[in-house]
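The next block holds one structure in the form of structure tokens; read it before the comments.
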2 protein chains.
Amino acid sequence: MSKKLPIDFLDERLNQQLAKTGLRFTVQRRHVYSVLLAKRDHPSAEEVFIRAKEKMPDISMATVYNCLDTLVQCGLVRQVNHERGATRYCSNMAEHHHFYCDECGGAFDIDAEPGSGQPEIHMPPGFVMNHFEITLRGLCPECAAKQTGVRRSVSSSAP
Amino acid sequence: MSKKLPIDFLDERLNQQLAKTGLRFTVQRRHVYSVLLAKRDHPSAEEVFIRAKEKMPDISMATVYNCLDTLVQCGLVRQVNHERGATRYCSNMAEHHHFYCDECGGAFDIDAEPGSGQPEIHMPPGFVMNHFEITLRGLCPECAAKQTGVRRSVSSSAP
DNA sequence: TCAATACTTGTAATTATTCCAATTACAATC
DNA sequence: GATTGTAATTGGAATAATTACAAGTATTGA
């Protein structure tokens with residue numbers, strides 16, 4: 001009960017951001033955040049729950065939802081919604097876009113050109129834009145290779 | 001059965017697109033499509049259902065979902081997902097972006113500059129991009145006016 | 001007209017998420 | 001170190017959105 005974890009970058013950042021909003025540092029929040037940082041494949045809340053349970057078997061789904069919300073609130077994680085499925089969570093806060101593969105459903109981060117700023121969009125008068133997001137769709141390298149390499153498998157195995 | 005409706009643009013387009021995919025023209029599909037064209041405010045499935053019931057009281061929720069799926073399938077309507085809420089449907093197939101008001105939740109179409117093409121994004125090798133979408137967030141004219149204390153002056157037409 | 005098939009309908013089931021009330025943990029103070 | 005007020009966690013119930021299914025109805029083509 002006394003092993004002091006080294007205050008690494010994760011803790012520091014988390015602590016800092018939580019403090020800003022008057023929220024507490026808890027082991028659950030820390031753990032959920034570490035799960036998101038460990039594998040940045042935009043997991044859904046349920047996937048986070050499953051991964052979190054590996055090292056923290058008693059954590060509850062409600063807590064995962066709470067922690068994710070907290071992390072989003074304090075600006076360490078962002079929520080991404082794509083298609084009809086569950087909301088997904090992304091711990092990459094650098095400016096980037098999201099690419100979704102139509103074939104395998106995978107999500108990929110596409111770095112934004114630093115300083116590329118916002119695309120040239122002519123906003124009608126009166127609108128105040130705070131945020132923009134570019135979502136790309138198509139085929140990821142793996143799926144693209146399959147489609148062109150092997151002849152177009154029109155009657156591929158049922159999904 | 002008896003009264004032949006004039007084949008207007010709606011019917012023509014719908015028929016054409018349905019035929020392409022081997023789907024049938026039905027009164028429910030026509031009606032759901034007309035609801036989407038009548039008010040282009042990106043209604044959710046449930047809102048479509050409510051509006052559709054006005055003139056077709058017997059239509060069911062299941063049919064609305066089916067029809068919406070069909071319309072999306074045959075390229076007359078697109079699905080837009082924003083935040084956690086319900087999926088919304090948009091009948092504007094011209095190239096445009098979506099603006100969501102953080103305050104009132106309203107959705108607005110922002111026309112893309114014709115020929116502006118896609119934003120300059122450096123895709124990592126191997127990715128095949130088929131589609132991109134820009135989502136904007138901020139304040140709509142009405143909510144922006146309220147926030148700055150400016151009375152409802154410039155912004156006029158409500159959605 | 002009749003059969004084949006597509007479509008619609010109502011309902012049940014599923015999925016994703018939120019809500020809530022009861023504990024439990026934490027931080028500050030005595 | 002005990003006390004206390006507050007915040008966080010927990011499990012389960014509740015809700016919202018969507019999908020699945022089985023039965024009935026409409027439409028098309030022969």
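Just the heavy atoms: all of them, side chains too, but no hydrogens, waters or symmetry mates, feed the values below. Below, read A as the first sequence line, B as the second, and so on, with proteins coming before strands; counting in each chain starts at 1.
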Holding to side-chain contact (heavy atoms from CB on, under 4.5 Å), I want the full list of residues that pass it with Leu37(B), two or more places apart in sequence or in another chain. Leu10(B), Arg13(B), Tyr33(B), Arg40(B), Ser91(B)

List the residues meeting side chain to side chain donor-acceptor pair (under 3.5 Å) with Arg137(A), not counting sequence neighbours, and say none if there are none. Asp102(A)

Any residue of residues 54-81 of chain B with a heavy atom less than 4.0 Å from an atom of DNA chain C: Asp58(B), Ile59(B), Ser60(B), Ala62(B), Thr63(B), Asn66(B)

Would you say Gln28(A) reaches dT10(D)'s phosphate, i.e. side-chain N/O to OP1/OP2 under 4.0 Å? yes

Protein-nucleotide distance (Arg88(B), atom CZ; dT18(D), atom P), rounded to Å: 10 Å

Please enumerate all residues that pass side chain to side chain donor-acceptor pair (under 3.5 Å) together with Asn81(B), with sequence neighbours excluded. Thr87(B)

So do Phe108(A) and Leu136(A) actually touch side chain to side chain, heavy atoms under 4.5 Å? no

Expected rows: protein N/O vs nucleotides 28-30 of chain D N/O, under 3.5 Å:
none

Pairs involving residues 71-80 of chain A, ordered by first then second residue, that meet side-chain hydrogen bond (donor to acceptor under 3.5 Å, both in side chains) (sequence neighbours left out): Arg78(A)-His96(A)

Thr63(B): what forms a side-chain contact (heavy atoms from CB on, under 4.5 Å) with it, not counting sequence neighbours? Gln28(B), Ile59(B), Ser60(B), Cys67(B)

Quick one: side-chain contact (heavy atoms from CB on, under 4.5 Å) partners of Asp58(A), sequence neighbours excluded? none

Please output the side-chain donor-acceptor pairs of residues 17-24 of chain A that fall under 3.5 Å, not counting sequence neighbours, one pair per line with the distance.
residue	atom	partner	partner atom	Å
Gln17(A)	OE1	Lys20(A)	NZ	3.2
Gln17(A)	NE2	Cys74(A)	O	2.8
Thr21(A)	OG1	Gln17(A)	O	3.0

When all nucleic acid strands are considered with a 4.0 Å heavy-atom cut-off, which category describes Thr87(A): base, sugar-phosphate, or nothing? sugar-phosphate

Just the endpoints, please: which first and last nucleotides of DNA chain C, 5' to 3', lie under 4.0 Å from a heavy atom of chain A? dA16(C) to dC26(C)

My understanding is that only residues two or more places apart in sequence, or in another chain, count here; which of them pass ring pair (Phe, Tyr, Trp, His ring centres under 6.0 Å) with His131(A)? none

Residues two or more places apart in sequence or in another chain: which of them pass ring pair (Phe, Tyr, Trp, His ring centres under 6.0 Å) with Tyr100(B)? His82(B)

